[in-house]
Amino acid sequence: MAETASETFTLVITGAPYSSQAPQTALGFAQAAVTAGHRIDRVFLYGDGVHLASALSAPPSDETNWSEEWSRFLSEHSVPGVACIASALRRGLVNETEQKRYELPAANLRTPFEIAGLGEWVEGRIKSTRTLYFHAGD
Amino acid sequence: MAETASETFTLVITGAPYSSQAPQTALGFAQAAVTAGHRIDRVFLYGDGVHLASALSAPPSDETNWSEEWSRFLSEHSVPGVACIASALRRGLVNETEQKRYELPAANLRTPFEIAGLGEWVEGRIKSTRTLYFHAGD
Amino acid sequence: MATIQTLHILNKSPDHPRAARCLEMVSEDDGLLLTGGGVLFLATGHLSGPGKVFALSPDIDARGLGEFKGSNAELVDFARMVELSLEANRVISW
Amino acid sequence: MATIQTLHILNKSPDHPRAARCLEMVSEDDGLLLTGGGVLFLATGHLSGPGKVFALSPDIDARGLGEFKGSNAELVDFARMVELSLEANRVISW
Amino acid sequence: MSTLIMIDQAPYGAWTGREALDMAFSLAAFDQPASLFFTGAGVNWLRQNQEAGGIGQKSVEKNLSAAPIFGIEAILADRAACETYGLDENSLIEGVTLVDADAALLNDYDHTAFAG
Amino acid sequence: MSTLIMIDQAPYGAWTGREALDMAFSLAAFDQPASLFFTGAGVNWLRQNQEAGGIGQKSVEKNLSAAPIFGIEAILADRAACETYGLDENSLIEGVTLVDADAALLNDYDHTAFAG
């Protein structure tokens, strides 16, 4: 049914920026999907993919800041970006709520990313026409 | 010359906690080295290994917090722990100096880790009796 | 056009153990889309299995594989990747 | 005891491409120390190459490989790993 | 909407296996049919007598044994991979079904996913 | 104190290759003899005409071409791996020496290291 537009996607990113190409390939896909008139239901960050939601990444100025690019995409197209809470807490990605709960010295989650459980992934999988995974390569 | 004690080591960790076993194996090695009367000249975090220096990791309470364990080891034995600045900035690991320089919303480097260049690795390699690498497995 | 039963998206180089596993599970009605390091299969030429083969163009260019274009895979851009993912009844990312 | 020329520390499972590369480069005067997923070589039994083989005990226990203990590798703890790294003229971590 | 979660990495050295289990348990918790398929070095998750205390981790053997209780439909293992890693009925945990890894296996599920 | 930095991962999909280059350049900057050895899928770093703009990355071809200027002693490539990936004198960047990957190679260096 590629011809009938307005299909929906859930994208799952499990590879970290500056360690894998996963966030880049996922962004290329997401932009093309939106351009074709489809909708991204949500982007779910899992495993090492949660590092994409860091507010503190500062790559050299001649390199793309993938966290910034993804933030902009999510905001422009009102797409929820959700980092898995279990993956995020282990890897040191927290918002202010988690900062307080675990008495941590700071929060580092980039706007508009949110933190939530795997239920968000399950729901996306059920609702969306397709769920695609973007893993680390090699 | 294992019999003459007081040899020195530089340990390089390139695998992240909760993604690889590298920090755990490195800590087992470091503790055994110190127990045997040797010295750890420094621990250098490179690539994904810089995530070990996160002050914000909050694993479930029944799991080991490897960042905390490593911090304690470094402090107890006065071993410098250095995260490579290039790896750290790309991956969102910053101290207050870098936070200010890059106008970032927070700092998340755990005490007593420091941020410095690859020169620290080169120097360790020259000075120490042995330099050992702890990479991510599979 | 014939419907693709399963679209297998492979972003692992020919060296990676998951790449061999993927190729074993591609059947005649399936499509295989090479992305990332997976496009290096164009250089090794080990793609004699069943199923139609696609390869993501920007990943080919990045790796300097222009000379292998059109050899044994249909080149696609991201727009076509989106279409393929909807045309297939199922997508598996290896 | 005979000096080890190069101590190869291998923490990759037999599936990993770097594992095969490592085994190819071990020579007679070398030692091979299996850690992490590398201890799974005790289960596959593919260790007929040259060089003395060691395996890190806690990694064997974690993976339930007790039955293979002593089969074709000398078990070591972290203290012995430290000694081995100093006895060898050179250490390579694969 | 049945889902097959695939695990092809050895235990303890990498985290993707644990995160794959979480995915399967999460599906089951939301009443979505889910099965686990272990292949490659991943079959080593299914070995009896894992004692991970010495490396500061928790064994996953208990989690896997509890899989049916949590609603996981099946624990499948690649027959050929089990042979490679010297795993047989005596060394595998209970409740594992040996299968061949081929296209027919995938056709039994609407979705197939890895954790990383 | 000569060092061999090994790269066995394909370019662009993973960062370890770039970080291995940084290690070699850093050694050279501190006047420590360093050589690069590409093997496995890593030999694909040495292919001509890499245009990575389309995936938002910088090509490493220039960095590698500049290696001798920065003081890197040699760029070595595994002959067998180059054959596997269809790389020959016409497709390799300049300044690459083909060698066999065996124990003798390692004996030429005091240190050998991967970036990850």
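Each chain gets a letter, A, B and so on, in the order the sequences are listed, and its residues count up from 1.
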- What part of A:Ile126 is in contact with chain E, defined as an atom under 4.5 angstrom from a non-hydrogen atom: side chain, backbone, both or neither? both

- Message: Less than 4.5 Å to any heavy atom of chain A: does that hold for the side chain of E:Phe114, its backbone, both, or neither?
- Response: both

Below 3.5 Å only, please: all the donor-acceptor pairs between chain A and chain E, one per line.
residue  : atom : partner : partner atom : Å
A:Tyr46  : OH   : E:Glu19 : O            : 2.6
A:Arg91  : NH1  : E:Glu19 : OE2          : 3.0
A:Arg91  : NH2  : E:Glu19 : OE1          : 3.4
A:Arg91  : NH2  : E:Glu19 : OE2          : 3.1
A:Arg125 : NH2  : E:Thr3  : OG1          : 2.3

